[in-house]
A.B. asks: 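One structure is given below, represented as structure tokens, and several questions about it will come after.
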Amino acid sequence: MTDDFSKRTLAHSTAAVLPWNRKIYRDRHGRGLRQAMFGIRMPRYRTKAGMFDGMVVAQMKRLNAAWPQLLANVECAVEDVPPSDPVAWEAKRAFLSQSFPANHGIPARIVLYRRPIEQRALGRDDLQLIIRDELVSCLADLTGRRPEDIDPDWGL
């Protein structure tokens with residue numbers, strides 16, 4: 001009886017609980033906890049949507065460095081595809097991107113449609129150029145400037 005009591009007090013007195021005394025100490029098949037197969041920063045871990053978002057952010061940072069006053073009140077969003085039935089205030093059908101002017105306290109918005117842009121692009125470099133051109137053309141629509149004034153390389 002004293003041996004059982006001493007074993008219990010010894011087990012409870014240590015800070016670490018033995019794995020077999022825990023309720024669950026391994027996953028279902030006993031192979032350890034799951035973790036990411038690739039590192040988070042590895043190219044294989046990122047999805048196409050994540051890479052597209054990264055390209056949009058990089059282009060917005062580049063434009064913001066050149067024209068901070070133009071992008072001060074502009075929001076940018078990415079959607080997969082354009083809506084199938086346009087809303088009443090949309091003047092034209094959007095294919096690759098769309099811009100919405102500011103009104104009633106809502107800032108101006110630029111929406112890029114990921115899937116149509118990816119389908120048009122021939123490769124990663126071409127995808128970056130299309131994103132750049134769409135952002136510049138939408139920004140030109142919102143501000144009333146020519147796209148060449150915002151980015152001299154527009155359309156090349």
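FYI, the numbering just counts along the sequence from 1.
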A.B. asks: Should we say atom CG of Asn64 is surrounded by more than 12 heavy atoms from elsewhere, each under 6.0 Å from it?
C.D. replies: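 Enclosed: over 12 neighbouring heavy atoms sit under 6.0 Å from CG of Asn64.
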A.B. asks: Out of curiosity, Cys76 SG to Leu71 CG, how far, rounded to the nearest 0.5 Å?
C.D. replies: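 Rounded to the nearest 0.5 Å, the SG-CG separation comes out at 9.0 Å.
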A.B. asks: With a 3.5 Å distance limit and no angle check, can you tell me whether Arg115 reaches the backbone of Glu79 through a side-chain donor-acceptor pair?
C.D. replies: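 No; judged by distance alone, with no hydrogens or angles, the pair does not exist.
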A.B. asks: Below 4.0 angstrom, N of the basic side chain to O of the carboxylate: do Asp126 and Arg120 qualify?
C.D. replies: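 The answer is no: the pair does not qualify as a salt bridge.
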A.B. asks: Report the C-alpha distance between Arg124 and Met51 in whole Å, list the side-chain angles of each, state the deciding distance to 0.1 Å, and finish with yes or no for side-chain contact (heavy atoms from CB on, under 4.5 Å).
C.D. replies: CA-CA 10 Å; Arg124 187 180 172 105; Met51 288 190 301; 3.7 Å; yes
A.B. asks: Kindly indicate whether the side chain of Pro82, heavy atoms from C-beta on, has any atom under 4.5 Å from the side chain of Tyr113.
C.D. replies: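 The answer is yes; the side chains approach within 4.5 Å.
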A.B. asks: Is there a path of hydrophobic side-chain contacts, each under 4.5 Å between heavy atoms, that joins Val78 and Ile110?
C.D. replies: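 They do share one cluster, since a chain of ILVMFWY contacts under 4.5 Å joins Val78 to Ile110.
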A.B. asks: Side-chain heavy atoms nearer than 4.5 Å, only ILVMFWY residues, links allowed to pass through others: does that put Met60 and Leu96 together?
C.D. replies: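 Yes, Met60 and Leu96 fall within the same hydrophobic cluster.
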A.B. asks: Once rounded to the nearest 0.5 Å, what's the spacing between atom CG of Asp151 and atom CD of Gln59?
C.D. replies: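 Rounded to the nearest 0.5 Å, the CG-CD separation comes out at 8.0 Å.
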A.B. asks: Look only at the side chain of Trp154 and the backbone of Glu148, and say whether a donor-acceptor pair between them is shorter than 3.5 Å.
C.D. replies: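 No: the side chain of Trp154 does not pair with the backbone of Glu148.
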A.B. asks: Quick one: are Leu127 and Phe52 in side-chain contact, heavy atoms under 4.5 Å?
C.D. replies: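 A side-chain contact exists here, since the closest heavy-atom pair is under 4.5 Å.
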A.B. asks: Salt bridge (charged side-chain N to carboxylate O under 4.0 Å, His left out) for Asp53 and Arg114? Distances and angles first, verdict last.
C.D. replies: CA-CA 9 Å; Asp53 292 343; Arg114 180 177 66 88; over 6 Å; no
A.B. asks: Checking Leu70 against Arg145 for the side-chain contact (heavy atoms from CB on, under 4.5 Å) test, could you report, in this order, the C-alpha distance in whole Å, the side-chain angles of both residues, the deciding distance, and whether it holds?
C.D. replies: CA-CA 10 Å; Leu70 288 182; Arg145 297 178 185 235; 3.8 Å; yes
A.B. asks: Rounded at 0.5 Å granularity, tell me how far CD1 in Ile131 sits from CD in Glu118.
C.D. replies: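 CD of Glu118 is found 8.0 Å from CD1 of Ile131.
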A.B. asks: Output the distance between atom OG1 (Thr143) and atom CG (Asp149), rounded to the nearest 0.5 Å.
C.D. replies: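 Interatomic distance, Thr143 OG1 to Asp149 CG, rounded to 0.5 Å: 9.0 Å.
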A.B. asks: Taking all heavy atoms of Pro147 and all of Val136, pick out the closest pair and write down the distance.
C.D. replies: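 Closest pair (atom of Pro147, atom of Val136, distance): O-CG1, 3.6 Å.
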A.B. asks: Say you draw a straight line from CG of Leu129 to CG of Leu122; how long is it, rounded to the nearest 0.5 Å?
C.D. replies: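 So the CG of Leu129 and the CG of Leu122 are separated by 10.5 Å.
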A.B. asks: Closest approach of Arg109 and Leu142, non-hydrogen atoms and distance?
C.D. replies: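 Scanning both residues, the minimum pair turns out to be O-CD1, 4.2 Å.
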A.B. asks: Taking all heavy atoms of Pro107 and all of Glu75, pick out the closest pair and write down the distance.
C.D. replies: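 Smallest interatomic distance, heavy atoms only, reads CG-OE2, 3.3 Å.
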A.B. asks: Is there a donor-acceptor pair closer than 3.5 Å between any side-chain N or O of Trp67 and the backbone N or O of Ile150?
C.D. replies: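 Yes, because the side chain of Trp67 sits within donor-acceptor range (under 3.5 Å) of the backbone of Ile150.
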A.B. asks: How long is the gap from CD on Gln128 to CG on Asp133, to the nearest 0.5 Å?
C.D. replies: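 The CD atom of Gln128 sits 12.0 Å away from the CG atom of Asp133.
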